[in-house]
Amino acid sequence: EAAVTQSPRNKVTVTGGNVTLSCRQTNSHNYMYWYRQDTGHGLRLIHYSYGAGNLQIGDVPDGYKATRTTQEDFFLLLELASPSQTSLYFCASSDAGGYYAEQFFGPGTRLTVL
Amino acid sequence: AQSVTQPDARVTVSEGASLQLRCKYSYSATPYLFWYVQYPRQGLQLLLKYYSGDPVVQGVNGFEAEFSKSNSSFHLRKASVHWSDSAVYFCAVTTGNYKYVFGAGTRLKVIA
């Protein structure tokens, strides 16, 4: 069964702080995604990647960087965190075998920026 | 740009009653359509998906959804809900570019 893990599960930082959220998938999936989930907005795509070293811009990328170091690992970086980035962040992965691919989600990271 | 609208932010139904959660999408071509469920403190899990063929598609745990091209809709249904169905339900679309667009979600509460 697909497995996507995220760390940390909870994080509190201050405005201007530096935060890295980690995601690892053990499914050998090519595609990985970072979303943020906010009440009233559902999930919004921040960045995604189709392989190590690749990065694609999502729909709400401002203030976020991401890096895909290996097929398994995808990181989301907030270099100058702001209170507007307080949110629940989800990582997901999917196979590249067609556009119909199911996304497998991690358990989420709750980030609070004070 | 493609979009997904779930008009009901919250729905409350009695256990054993039938359920319909609404989803409308905006896209010129037929998208790939999904319903996901999010149980408390968990990530999203796939309920069902659709692209072509029979407009009624069956999913897990007795859920089904019906696609309507004329109405640009993909409503989720269940004949008899259980208290364990209480969760947040998301409709999502993709148009083949590996980007997924999610609706805002509908929070379902099943009461005794």
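Only a predicted model underlies this, so the values are computations on that prediction, with no experimental measurement involved. In what follows, every chain begins at residue 1, and chains take the letters A, B, ... in the order their sequences are listed.
In this structure, B/Y100 and A/L45 have side chains that are not in contact, with every pair of non-hydrogen atoms separated by 4.5 Å or more.
There is no contact between A/Y50 and chain B, counting heavy-atom distances below 4.5 Å. Residue contact with chain B, scored on non-hydrogen atoms closer than 4.5 Å, involves the side chain of A/R9 exclusively. When heavy atoms are compared at a cutoff of 4.5 Å, A/Q37 approaches chain B solely by way of its side chain, counted from C-beta outward.
Scanning residues 102-112 of chain B against chain A with a 4.5 Å non-hydrogen threshold yields B/F102, B/G103, B/A104, sorted by number. Within residues 39-59 of chain B, the residues approaching chain A closer than 4.5 Å by heavy atoms are, in numerical order, B/R41, B/Q42, B/G43, B/L44, B/L46, B/K49, B/Y50, B/Y51.
Linking Ile, Leu, Val, Met, Phe, Trp and Tyr residues whenever their side-chain heavy atoms come within less than 4.5 Å leaves A/V4 and A/M32 in two separate clusters. Using a 4.5 Å cut-off between side-chain heavy atoms of Ile, Leu, Val, Met, Phe, Trp and Tyr, with links allowed through other members, A/Y31 and A/W34 fall into different hydrophobic clusters. A/Y35 and A/F74 fall into different hydrophobic clusters, where Ile, Leu, Val, Met, Phe, Trp and Tyr side chains are chained together by heavy-atom contacts under 4.5 Å. Hydrophobic cluster membership differs between A/L80 and A/V14, with clusters built from Ile, Leu, Val, Met, Phe, Trp and Tyr side chains linked at under 4.5 angstrom. In the hydrophobic clustering of this structure, A/Y64 does not group with A/F90; members are Ile, Leu, Val, Met, Phe, Trp, Tyr whose side-chain heavy atoms approach within less than 4.5 Å, directly or through other members.
Counting heavy-atom neighbours within 6.0 Å of A/R44 CZ, excluding the residue itself, gives a total above 12. Dense packing is recorded around CZ of B/R77, with more than 12 heavy atoms of other residues, nucleotides or ligands lying under 6.0 Å away.
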- request: Evaluate the side-chain contact (heavy atoms from CB on, under 4.5 Å) criterion for residues B/Q38 and A/F105: first the C-alpha distance (whole Å), next the side-chain angles of each, then the deciding distance (0.1 Å), finally the verdict.
  value: CA-CA 10 Å; B/Q38 183 181 30; A/F105 285 82; over 6 Å; no

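No side-chain donor-acceptor contact under 3.5 Å links B/Y32 to the backbone of A/A101.
Highest contact tally toward chain B, considering only A/E102, A/Q6, A/Q56, A/H41, is held by A/E102 [criterion: heavy-atom pairs under 4.5 Å].
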